[in-house]
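Position 1 is the first residue of the sequence, and the numbers go up from there.
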Amino acid sequence: MKRIFHILCLLALLFGCVPEGMEDVNMEYPGLVHETFKESKKVFPNPERGFDGGLNWDSASDAPLTKQFLTMQRIMNRTVLYTGYYLTDYMESDIAPEFLDLISKNMSVLREGGVKCVLRFAYKTDMYETGHPWDAQPEWVHRHIEQLKPVLQQNSDVILCLQAGFIGVWGEWGYTDGFVRNPKTKEDFITRRDVMIALLDALPKNRTIAVRTGRYKMNMFLDSYADSVTLETAYNESDLSRICAHNDCFGADASDMGTFTTIAERNFWKKESRYLLMGGETCQLSYHCSCKRTLEDCESYHWTYTSGPAKVSDRWKEEGCYDEIEKRLGYRLVLTDLHHTPQAVPGEDYRVVMKIENVGFAAPMNPRDVELVFVDGGGDKKVYRLDDIDPRYWFAGEQITIDRTIRIPEDAEGDCALYLNLPDPEFALRNNPLFSIRLANAEYMWDETTGYNRLITLKL
């Protein structure tokens with residue numbers, strides 16, 4: 001009989017049909033139960049991705065961030081907040097302790113409120129009203145980075161990324177008095193490169209620094225655009241693997257207001273953004289921010305977060321793509337198939353195979369843990385860490401297979417459940433459900449009190 005069964009299975013695989021009486025046979029994983037799942041249409045907050053809000057602080061006397069404000073951000077499905085700090089009062093002096101305290105307090109509130117920041121420091125908010133100089137001299141920039149390093153190190157858990165900042169008006173590296181304006185040669189970029197090296201040192205190696213254009217990275221650290229990060233070099237903590245991108249005029253015109261000057265630059269960022277964070281903002285209406293072009297660019301450049309004027313998002317709403325953009329910014333992980341042992345037995349092995357599809361624009365871009373969590377009828381739990389799996393390789397448009405065999409606890413009894421947990425690995429956040437990834441499936445799978453995704457209900 002077993003031989004006949006295997007022959008029938010082989011025929012089904014060869015001819016794409018299921019013989020009568022075998023409709024429930026699991027052809028891919030014989031002996032396991034097969035369940036299928038669909039993507040939810042719901043929009044919900046998930047960490048380190050999505051539309052972002054924005055706030056600036058200009059002095060130490062400014063009101064600090066509040067948890068109430070962050071609660072409203074999460075109600076709007078926002079888990080990312082742009083935070084800009086302007087050091088105008090300290091262009092020729094140390095940053096005041098009071099201003100450093102303000103930054104630290106804001107970081108603590110981010111942690112409490114379940115939000116991470118896109119962080120930038122600069123010296124001027126405009127080109128004309130406050131006059132020259134537009135930024136500080138290099139020696140003061142380095143002194144300020146030195147002062148900020150302890151704050152950045154202590155609070156890196158709530159930093160999605162640090163935008164390079166410091167140089168030029170708004171920290172966008174353009175209109176500058178302290179550095180070479182319109183740099184063209186490697187020599188012109190030396191002082192900028194020195195700032196980047198200081199910033200890379202100021203943050204832990206699991207965090208990235210975003211530059212305003214691809215040619216900045218190329219001129220500071222590469223010989224050509226062909227030297228981009230690859231699958232083999234991604235996440236190896238080298239300087240190159242930690243320099244990502246922000247585009248602050250996304251879709252504004254054919255060049256994104258000077259963000260791109262050549263096709264080579266565009267192709268460079270398309271390749272790099274598969275492994276490195278891409279975000280930024282829109283700045284004006286144009287043909288290039290139509291739904292068609294925006295969706296194409298979000299996919300090509302693997303966008304994780306964005307913001308911008310209401311007139312751009314209003315256009316997306318009018319043309320019907322706003323909801324899709326909101327759902328797909330960054331990662332969106334959907335459990336499509338689940339294969340598992342038919343009956344769980346205390347003290348015995350139990351196999352589970354998950355197939356997860358990333359329908360978002362990008363992979364998760366910062367480190368992320370993966371765990372299976374078994375909870376028995378009495379509430380006791382056992383955690384099975386899957387340390388060999390790195391969600392940063394769960395690329396957009398691809399399906400991931402997780403195949404594990406666990407041992408059911410010998411004393412397990414009652415109504416039990418097996419969960420997938422995708423927590424933040426940072427110590428202060430890993431047990432906070434606000435920082436755990438939710439699968440984009442039916443609501444009953446998500447436990448908002450633990451941050452776990454229910455896979456299977458088991459009766460022992």
Side-chain angles (χ1 to χ4, degrees), residues 45 47-48 50-131 134-136 140-141 143-145 147-166 168-172 202-203 207 210 246 248 279-281 283 305-310 313 428-429 432 434-435:
E48 301 189 322
F51 286 120
D52 68 306
L55 291 175
N56 290 322
W57 283 268
D58 298 310
S59 71
S61 61
D62 289 343
L65 193 62
T66 66
K67 186 179 178 182
Q68 291 80 3
F69 177 81
L70 296 182
T71 298
M72 291 304 300
Q73 294 296 301
R74 289 192 62 90
I75 289 173
M76 294 186 288
N77 299 312
R78 295 175 178 174
T79 63
V80 177
L81 181 71
Y82 171 87
T83 57
Y85 294 94
Y86 284 89
L87 309 176
T88 312
D89 294 339
Y90 315 111
M91 294 177 69
E92 295 183 347
S93 69
D94 279 358
I95 302 171
E98 296 79 11
F99 201 78
L100 295 172
D101 288 344
L102 173 65
I103 299 170
S104 294
K105 289 177 182 177
N106 286 346
M107 295 290 192
S108 295
V109 176
L110 285 168
R111 192 174 294 110
E112 183 182 4
V115 174
K116 295 197 179 188
C117 68
V118 173
L119 182 61
R120 186 194 295 182
F121 297 93
Y123 294 96
K124 288 292 182 71
T125 59
D126 66 81
M127 295 170 54
Y128 305 110
E129 291 185 13
T130 56
W134 285 329
D135 50 11
W140 280 114
V141 172
R143 172 56 184 159
H144 293 157
I145 294 172
Q147 285 187 276
L148 289 164
K149 181 176 179 177
V151 178
L152 299 178
Q153 292 277 335
Q154 292 162 15
N155 296 285
S156 64
D157 58 334
V158 288
I159 299 174
L160 173 58
C161 74
L162 173 66
Q163 294 183 351
F166 289 100
V169 180
W170 308 291
E172 291 189 4
L203 271 179
R207 286 300 183 266
H246 70 98
D248 281 352
E281 63 186 49
C283 62
Y305 70 91
T306 190
S307 63
S313 56
L429 306 182
N432 186 336
L434 298 179
F435 292 99

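Residues Q147 and L87 form no side-chain contact, since every pair of their non-hydrogen atoms from C-beta on lies 4.5 Å or further apart. Looking only at side-chain heavy atoms (C-beta outward), F99 and D89 stay at 4.5 Å or farther from each other. Between R207 and L152 the shortest side-chain heavy-atom distance does not fall below 4.5 Å. No side-chain heavy atom of I95 sits less than 4.5 Å from a side-chain heavy atom of F121. Under the 4.5 Å side-chain criterion, counting only non-hydrogen atoms from C-beta, Q163 is in contact with Y82. No side-chain heavy atom of L160 sits less than 4.5 Å from a side-chain heavy atom of D52. Side chains of N56 and T125 form no contact here, defined as non-hydrogen atoms less than 4.5 Å apart. When side chains are defined from C-beta on, L55 counts as touching L65, because their heavy atoms get closer than 4.5 Å.
Taking the six-membered ring where tryptophan is involved, the planes of Y123 and H144 are tilted, since the angle between them lies from 30° to 60°.
Using a distance-only test at 3.5 Å, with no hydrogens or angles considered, a donor-acceptor pair links the side chain of D126 to the main chain of T130. Put simply, the side chain of W134 gets close to the backbone of M127: a donor and an acceptor are under 3.5 Å apart.
Counted by atom type alone, N155 and R111 present one or more donor-acceptor pairs between their side chains at under 3.5 Å.
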